[in-house]
Amino acid sequence: FKFLLGEKVKANDRLFDLIKNAETSSDLPLPLKKLADGIRKGGNIGAHFDENNEPTQELAKAILDLLGYMLNYIYVLPKEIERLEEYLDTTPAED
């Protein structure tokens, strides 16, 4: 979060403050947009014949990896966050 906020970070900022500031003052969805665009561009290579730009096994693997990251971001990560929140809500804090 310090990286996302850059010069806006103060030395005594708590993690909570950094997260809240990043939500409002940075472009958090940008990596997801780039991820989706990469999948789209890779898919276009396979869908449209171009003898100068043939899809390769490496390209296919890279696209599948990106697709996996995107699915994890959209479906897996929110559930994992929810499970952590439930755990934190039901587990008493240790003194």
Side-chain angles (χ1 to χ4, degrees):
F1 290 102
K2 288 182 177 182
F3 174 76
L4 285 172
L5 294 169
E7 295 177 8
K8 298 176 186 176
V9 175
K10 297 179 185 74
N12 60 345
D13 279 346
R14 299 173 300 153
L15 180 57
F16 174 83
D17 298 324
L18 294 172
I19 292 170
K20 287 297 175 193
N21 289 337
E23 287 175 354
T24 58
S25 64
S26 71
D27 196 4
L28 285 177
L30 183 60
L32 186 58
K33 289 177 189 174
K34 286 184 168 185
L35 189 61
D37 195 46
I39 293 169
R40 179 191 62 78
K41 286 178 182 176
N44 283 345
I45 291 172
H48 304 286
F49 179 74
D50 180 355
E51 63 186 37
N52 296 323
N53 201 6
E54 286 285 320
T56 64
Q57 186 173 352
E58 275 184 39
L59 174 62
K61 183 183 177 331
I63 292 169
L64 288 174
D65 287 347
L66 288 177
L67 182 58
Y69 299 144
M70 192 160 117
L71 291 173
N72 279 323
Y73 182 88
I74 294 170
Y75 296 106
V76 176
L77 184 59
K79 284 290 182 193
E80 292 298 320
I81 293 168
E82 188 177 305
R83 283 161 81 199
L84 175 63
E85 289 172 337
E86 287 173 5
Y87 175 81
L88 293 172
D89 288 344
T90 59
T91 304
E94 294 183 23
D95 292 331

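Just the heavy atoms: all of them, side chains too, but no hydrogens, waters or symmetry mates, feed the values below. Values in this document were obtained by computation on a predicted structure and should not be read as measured data.
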With sequence neighbours excluded, residues passing side-chain contact (heavy atoms from CB on, under 4.5 Å) with Asn72: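 If we apply the side-chain contact (heavy atoms from CB on, under 4.5 Å) test to Asn72, skipping adjacent residues, the hits are Val76.
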Residue list, side-chain contact (heavy atoms from CB on, under 4.5 Å) with Glu86, at least two apart or on another chain: Glu82
Residues 59-67 side chain polar contacts: donor-acceptor under 3.5 Å, at least two apart:
unit_1	atom_1	unit_2	atom_2	d
Lys61	NZ	Asp65	OD2	2.9

Remaining members of hydrophobic cluster (4.5 Å side-chain criterion), Leu88: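 Answer for Leu88: Leu84, Tyr87.
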Hydrophobic cluster (4.5 angstrom, side-chain heavy atoms) - remaining members for Phe16: none
Test salt bridge (charged side-chain N to carboxylate O under 4.0 Å, His left out) applied to Arg40 and Asp37, step by step: CA-CA 5 Å; Arg40 179 191 62 78; Asp37 195 46; 2.6 Å; yes
Residue list, salt bridge (Lys or Arg N to Asp or Glu O under 4.0 Å) with Asp17, at least two apart or on another chain: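 Asp17 satisfies salt bridge (Lys or Arg N to Asp or Glu O under 4.0 Å) with Arg14 once adjacent residues are dropped.
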